[in-house]
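Structure first, then comments.
Order of the sequence lines sets the chain letters (A, B, ...), proteins ahead of strands, with each chain counted from 1. The figures here come from the full heavy-atom set of this structure, side chains too, leaving out hydrogens, waters and symmetry mates.
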Amino acid sequence: MSAALSVTTVRKSFGGLVAVNDLSFEVERGELYGLIGPNGSGKTTMLNLISGALQPDAGEIKLAGATISGLAAHRIARLGVARTFQLVRVLPSMDAERNVMAGAVFGHRSLWGAELHELARELLALVGLRGREHVPVVAMTYIDQKRVELARAIASDPQVLLLDEWLAGLNPSELAIGIELIERLSRQGRTIIMVEHVMDAIRTLCGRCLVMSSGRLIKEGGVAEVLSDPEVVRAYLGDDDA
Amino acid sequence: MEILVTGILLGGTYALIALGLTLQYGVARIMNLATGETLVAACFITFWLFASYQVSPLWGLVLVAPAAFAINWAIYMWLLKPLVDRAKNQGMLEVDSILATFGLLFLFQGLMLRGFGGAYFTYTYLAERFEIFGSPYALNRVVAFLAALLIAAALYLFLYRTRSGTAVRAVAVNPNSSNLVGIDVAATAALAFALGGALTACGGTLLSTFYTFNASMGVVFTLKALIIVIMGGVGDVRGATLAALILGITETAVASLIDPGLMLAATYALFMLVLLFRPQGIFGKQPT
Amino acid sequence: MTRFLPDEFRIPAIGAGVIVLAALLPLFDDGFYLAMAVNIVLYAALCTAWALFSGPTHYISLATAAFFGLGTYAVALGNELLPFPLLVALGAAIAAVLAGFVGAATLRISGVYFVIFTLGLAELVRQIVSWAQVKWSTRMGLYVFTDFTEAHIYWMLLALTAAVFLTGWLINRSRLGFAMQIIGNDEAVARHCGIDTARLKIILFMISGAFIGMAGAIVAPRYLYVAPPSAFNPTISFLVVIMALLGGTRWLWGPLVGVIPFTIVMEFVSANFPNDTSIVIGIVFLVIVYVLPDGVTGRLEQLLARMRRTSTASKAATVKEAA
């Protein structure tokens, strides 16, 4: 059986800057895979390439064996890739329920009517927002907006879920809640790729992870092994998060 | 050959108008849809100076350009800068500036209709024959082209040889990092907008020497200028100049070979080609 | 808005009532007031149809005059060959095709190109139509002889307006409407939710264009004589933008709030100060940008929201205390 997601020698450059340099990795079904590295190492670019926000210059990305690189973002979404954004992006004119509904109408899952409302309510309850369905998202706190965004991403029942620093900017108690939430999603059997700076979260959550630096892969493997690798430590030297 | 020369002569004036707009849109980030009205206003003022005070259009430039600079600077500071400040993103600024300059478009057009009525105007200046490669051309067109060439050259020197010119180019590329290296983005944008208005007005003054104009023709010129700017690539001075020449030649060719009534259709045909094949402009890089 | 509340049908019911009442007008007057009512209903249809597309996308379309003129021309050309309803449908179809073409050329790239393309579209179509007319026939214009009275045209326009409102209401309740709302909020998010943003925008622009083409076809008999400069009058495009934005496009009935007063004011201005209409249009544009950026209805909504926020804030406070 093919991997949930496979990335083969993908390259992306902006003018002279090579943001992703011949990167290859595979993510198995049901795996929680970490993508880490110092600022500007190309992690978010990699997520943008997978989700179709950007097109790779070279290389191939496959979702469950089928090539998705080169497709438009909306087609990739329909095939089952969902994502959150580094800076939370909710739909400001809507309430929480409609924000979540947006994920389940046009994508990998296509619901409408009572079923859709039902699903949105369920997912809001899952992320801890039971009873807040009709609160306008602009009136919500940062973490609650992040919860709404996460619920919207899983509303499409994606094959692969991409989290772009979903835990960033949370205070310690919120962080514990967030980690538990991601863990719960992972236990449900979801395939998740998370870009993250919070190393504690990577240690707690991920089985394997990949370290990027200046667009290149410098280490991939089990989390404990990778994080103690001298080269990885060097790449992070001076970075407060390490 | 005659078509080519006439086209290039016309393209020179178009280039000034388009350079003005590309500064306003590429640097100040204001899509100025009233640019045609600036042009027409310059036509009328030049006409009025010539008819009432016998001021030659070339001397008229000396009066019109600084006046247009001052007026456009004031418009930017009072009307457009508040929009820049309140816009949350580029999209909002685009919608706001489009609507605001529509307002100016109609306001100026209305004022000119009041002052001069809806009739067509023309005056005789340097209408004698001038021979190029054995074919006769009107001297006023040749003079207008040469003047446009001089003004464009001056602009080029300003942009590439002076400190404030470099700042203008830097802001065109990236306002955020320009801010970081100590360029006063707001002041540079105002300067670029005012300078753009002055260039467009120069284009108008030169145009009036050989072109029949009226108070409500501004929109057509706005459209031409916009299409030239897009063809050339937004903020690209060389691209705009080349695109202006291409448009001048195409229009002249269509007008003399098919039908003068289809000039706009020719403009649109060019626009379509650009949109289909090079939406980033002639010299533009592929978007990354 | 897709919530199934019992009062969901109240607004359409009120709308139907208003339309029935409005339909009675020709029984009382067939002169000045009817003529003005025809203008109001015409612009109500045009502005609401315009806002179907430009409201959620924020793209300012200036293609109205082109679609409208094509509708008028469909009737003028085919009047002696085909029955009138068929010609109206034809006008809608031609306008929709043009809209699809313009949309496909520009909407995939950027909103600015769209505005620029539509800016000269009416003039472009006018040039082509004039050129074709000169080439293949000798006349510059066409006579439109029908048995329709002003009242007939009024009723047809009223029916069209009702159809536009009904369509808008149905779109708002549909997946298309929901998708447009998401696009209006954040286009990148929309794409990552699986929405083919360019295609939906083109479809919506075609729907909007078709209605505008129909309006042009319906009023064609009113002109008697149709020539390119009058049929493709670019001022129509600008008037539609102004009225719709003045009213506000957040709600389906928003443009109507702009149409009624503005049509009356324009009637007054063009009767008394015919040379100053441009100045009035210019000033209203500036007023919209600087004073009423979301239109009259947007301003009202803001005031309502402010009032509601103070009440929910106090409510939220009590909930927190209880928890």
Show every donor-acceptor pair shorter than 3.5 Å between a side-chain atom in residues 74-84 of chain B and any protein atom, with sequence neighbours excluded, or say none if there are none.
unit_1, atom_1, unit_2, atom_2, d
B:Lys81, NZ, B:Asp85, OD2, 3.3

Any chance you could measure C:Tyr113, atom OH, to B:Ile227, atom CD1, to the nearest 0.5 Å?
11.5 Å

Please give me the minimum heavy-atom distance between B:Met272 and C:Ala105, naming the atom from each residue.
CE-CB, 4.0 Å

Please list, in residue-number order, every residue in residues 279-293 of chain C that has a heavy atom less than 4.5 Å from any heavy atom of chain B; write 'none' if there are none.
C:Ile279, C:Ile281, C:Gly282, C:Ile283, C:Phe285, C:Leu286, C:Val289, C:Tyr290, C:Pro293

Residue by residue, scan residues 103-112 of chain B and write down, ordered by number, those that have a heavy-atom distance under 4.5 Å to chain C; if none do, write 'none'.
B:Gly103, B:Leu104, B:Phe106, B:Leu107, B:Gln109, B:Gly110, B:Leu111

Contacting region of B:Met263 [heavy-atom separation from chain C under 4.5 Å]
backbone

Scanning both residues in full, the closest heavy-atom pair of C:Glu123 with B:Leu264 reads CG-CD2, 3.2 Å

Does atom CZ of B:Arg169 have more than 12 heavy-atom neighbours from other groups under 6.0 Å away?
yes

Can you name the side-chain contact (heavy atoms from CB on, under 4.5 Å) partners of C:Ala74, sequence neighbours left out?
C:Ile94

With a 4.5 angstrom heavy-atom cut-off, could you sort out which part of C:Phe101 is near chain B: side chain, backbone, both or neither?
side chain

Give, for atom CD1 of C:Ile116 and atom CD1 of B:Ile230, the distance between the pair rounded to the nearest 0.5 Å.
3.5 Å

If you count every heavy atom of other residues, nucleotides or ligands that lies below 6.0 Å from B:Arg114 atom CZ, does the total exceed 12?
no

Decide yes or no for C:Ser278 and B:Leu113: does some side-chain heavy atom of the first lie under 4.5 Å from some side-chain heavy atom of the second?
yes

How long is the gap from CD1 on B:Ile98 to CG on C:Leu119, to the nearest 0.5 Å?
9.5 Å

Can you say whether B:Phe102 sits under 4.5 Å from chain C via the side chain, the backbone, both, or neither, judging by heavy atoms?
both

So, for B:Ala265 and C:Leu124, which heavy atoms are closest and what is the spacing to 0.1 Å?
CA-CD1, 3.3 Å

Nearest heavy-atom neighbours spanning C:Leu121 and B:Tyr268
N-OH, 3.1 Å

In terms of heavy-atom proximity below 4.5 Å to chain B, should C:Tyr59 be classed as side chain, backbone, both, or neither?
neither

Segment of C:Leu245 engaging chain B (4.5 angstrom heavy-atom cut-off)
side chain

